**Student:** 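After the structure tokens below, expect a handful of questions from me.
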Amino acid sequence: MSTTARTGPARAPDVPELPEVETVARLIRRPLVGRRIEGTHVAWERTLGGQPKRAFSRSVRGAHVAAVERRGKYVILVLERDGENAGRILVHLRMTGRLHVDPAGEPERDYTRVVCRLDDGAELRFVDVRKFGRFRFLRDPDEVLGELGPEPLEDGFDATWLRGALRARKRLLKPLLLDQTFLAGLGNIYVDEALHQARLHPLAPAHRVSAPKAAALAEAIRTTLAEAIEREGSSFDVFYRTPEGNPGSYQHQFQVYGRTGKPCRRCGTLVRRIVVGQRGTHLCPRCQPKPRG
DNA sequence: AGCTACTCCTGGTAGC
DNA sequence: TGCTACCAGGAGTAGC
């Protein structure tokens with residue numbers, strides 16, 4: 001494993017973004033939908049996002065999981081009682097959060113923060129090393145989901161929308177794309193990848209991005225995310241079935257992310273790492289020239 | 001409005 | 001080998 005001077009090893013991305021969250025939602029949907037939550041165990045209360053564990057337990061116990069959805073980087077468990085809406089569990093994986101549905105008798109997992117026991121003996125387990133993740137019950141999920149920007153893979157997000165939205169914002173491109181109220185689901189990895197594909201510099205002012213560049217960016221965002229979802233459909237489940245959960249078991253074909261000091265796959269120029277808004281940012285100085293002024 | 005800095009956390013790594 | 005110091009990072013918040 002090679003390392004770079006100041007940035008540490010080019011590690012596998014363990015930070016879930018839209019494609020990873022979508023893959024998780026698909027994986028847990030089948031074993032979860034139709035199940036009844038019999039009880040809960042909360043090992044780290046702050047994971048609940050402020051609700052006391054007793055109240056949380058009362059909120060979800062006895063409810064059925066009617067559907068598993070995704071919005072931005074949230075996994076959404078739709079709860080019902082007697083066929084009536086009974087609120088939602090919103091799961092945000094943040095950095096190291098993992099969701100597992102383990103059949104009865106599976107050994108416990110390290111770093112398990114919240115468990116929902118199901119009526120077939122299986123357990124929904126929220127595992128999270130760094131404790132940044134959230135597993136929240138909300139009667140009205142719109143108070144959270146209503147703040148989110150559009151879904152990049154759905155109607156409503158296209159070149160026209162993006163061009164107009166960029167023109168209206170006097171912000172740097174990368175921090176804007178990371179802002180979930182602007183666009184839902186992008187994180188550090190896919191922003192770097194999409195900007196590279198569209199040949200845009202992360203420090204470019206949003207309102208100065210040309211119409212053709214905005215169109216290229218919209219396309220880059222869609223293809224980057226869609227391809228990642230495709231890949232993870234075949235490989236991420238392997239990772240999720242491994243009790244150790246080794247993130248190295250699936251590899252992405254990243255162009256710039258985590259490739260500091262390595263040649264750009266398009267032009268061979270060495271990939272640079274800069275810091276934008278306190279986040280490590282990877283770019284090709286030749287493909288993504290710095291804007292002037 | 002939009003920027004920076006700080007907070008939450010812990011495993012992994014660098015440097016001794 | 002073993003210790004300590006520091007880093008990564010999504011999102012919320014405070015302060016300018």
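Being a predicted model, the structure only gives us computed values, none of them experimental. As a basis for the values below, the full set of heavy atoms in this structure was taken, side chains included, without hydrogen atoms, waters or symmetry mates.
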**Student:** If the cut-off is 4.0 Å, is Tyr111(A) near the phosphate of dG11(B), judged by side-chain N/O to OP1 or OP2?
**Tutor:**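 Yes, such a contact exists.
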**Student:** Examine dG10(C): is either OP1 or OP2 under 4.0 Å from a nitrogen or oxygen in the side chain of Arg279(A)? Give yes or no.
**Tutor:**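 Yes, Arg279(A) has a side-chain N/O under 4.0 Å of OP1/OP2 on dG10(C).
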**Student:** Which of parallel (below 30°), tilted (30 to 60°) and perpendicular (above 60°) describes Tyr257(A) and Phe254(A)?
**Tutor:**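 Tyr257(A) and Phe254(A): perpendicular rings.
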**Student:** In whole Å, what is the span from the CG atom of Leu93(A) to the C1' atom of dC9(B)?
**Tutor:**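 Nearest whole value for this atom pair: 16 Å.
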**Student:** Please round to the nearest 0.5 Å and tell me the distance separating atom NE2 of His282(A) and atom CD of Gln288(A).
**Tutor:**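 The CD atom of Gln288(A) is 11.5 Å from NE2 of His282(A), to the nearest 0.5 Å.
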**Student:** Just wondering, do Phe132(A) and dG10(C) stack (centres under 5.5 Å, planes under 30°)?
**Tutor:**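 Yes, the aromatic ring of Phe132(A) stacks with the base.
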**Student:** Using whole Å, report how far OH of Tyr74(A) lies from P of dA11(C).
**Tutor:**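 In whole Å, dA11(C) P lies 7 Å from Tyr74(A) OH.
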**Student:** Tell me which of Pro175(A) and Val129(A) sits closer to the 5' end of DNA chain B, going by the nucleotide each one is nearest to.
**Tutor:**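 So the residue in question is Pro175(A).
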**Student:** If you check the Lys170(A) side chain, which of dG2(B), dT10(B), dC3(B) turns out closest?
**Tutor:**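 Minimum distance to the Lys170(A) side chain belongs to dG2(B).
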**Student:** Rounding to a whole Å, what distance do you find between Phe182(A):CZ and dG10(C):P?
**Tutor:**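 Atom-to-atom, Phe182(A) to dG10(C), this comes out as 18 Å.
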**Student:** Touch check for Arg171(A), heavy atoms < 4.0 angstrom, all strands: base, sugar-phosphate only, or nothing?
**Tutor:**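 Result for Arg171(A) = sugar-phosphate.
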**Student:** Tell me whether the OP1 or OP2 atom of dA5(B) has a side-chain N or O from Gln278(A) closer than 4.0 Å.
**Tutor:**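 Checking dA5(B) against Gln278(A), a side-chain N or O does come within under 4.0 Å of OP1 or OP2.
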**Student:** Measure from CG on Leu186(A) to P on dG9(C) and round the result to the nearest Å.
**Tutor:**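 Interatomic distance, CG of Leu186(A) to P of dG9(C): 16 Å.
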**Student:** Of the candidate nucleotides dG9(C), dG2(B), dC9(B), which contains the atom at the shortest distance from the side chain of Lys131(A)?
**Tutor:**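 In terms of side-chain proximity for Lys131(A), the closest of dG9(C), dG2(B), dC9(B) is dC9(B).
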**Student:** Side chain of Arg46(A): nearest nucleotide among dC9(B), dG10(C), dG11(B)?
**Tutor:**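 Among dC9(B), dG10(C), dG11(B), the one nearest the side chain of Arg46(A) is dC9(B).
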**Student:** Looking at Arg279(A), Lys174(A), Glu17(A), which hits side chain to side chain donor-acceptor pair (under 3.5 Å) with Asn188(A)?
**Tutor:**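 By the side chain to side chain donor-acceptor pair (under 3.5 Å) criterion, Asn188(A) pairs with just one of Arg279(A), Lys174(A), Glu17(A): Lys174(A).
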**Student:** I'd like to know if the side chain of Tyr74(A) pairs up with that of Gln180(A) as donor and acceptor (distance under 3.5 Å, no hydrogens or angles considered).
**Tutor:**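 Absent: no donor and acceptor within the cut-off.
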**Student:** Taking Val33(A)'s backbone N and O only, do any of them form a donor-acceptor pair with Arg29(A)'s side chain (distance below 3.5 Å, no angle check)?
**Tutor:**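 No, the answer is negative, given that no donor and acceptor are paired below the 3.5 Å cut-off.
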**Student:** Report yes if at least one side-chain N or O of His92(A) is closer than 4.0 Å to OP1 or OP2 of dG10(C); otherwise report no.
**Tutor:**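 The answer is no; no side-chain N or O of His92(A) sits under 4.0 Å from OP1 or OP2.
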**Student:** Side chain of Arg273(A) only, please: which of dT4(B), dG10(C), dG9(C) is the nearest?
**Tutor:**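 For the Arg273(A) side chain, the nearest candidate turns out to be dG9(C).
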**Student:** Return the value, rounded to whole Å, for the distance between atom CG of Asp110(A) and atom P of dC9(B).
**Tutor:**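 Taking CG of Asp110(A) and P of dC9(B), I get 19 Å after rounding.
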**Student:** Whole Å only: how far is the CG atom of Asp179(A) from the P atom of dG10(C)?
**Tutor:**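 Spelled out: CG on Asp179(A) to P on dG10(C) is 13 Å.
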**Student:** Arg134(A) has an atom CZ; how far is it from atom P of dG12(C), in whole Å?
**Tutor:**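 Result: 10 Å.
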**Student:** Quickly work out the Leu145(A) CG to dA11(C) P distance and round it to whole Å.
**Tutor:**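 Going from CG in Leu145(A) over to P in dA11(C) covers 13 Å.
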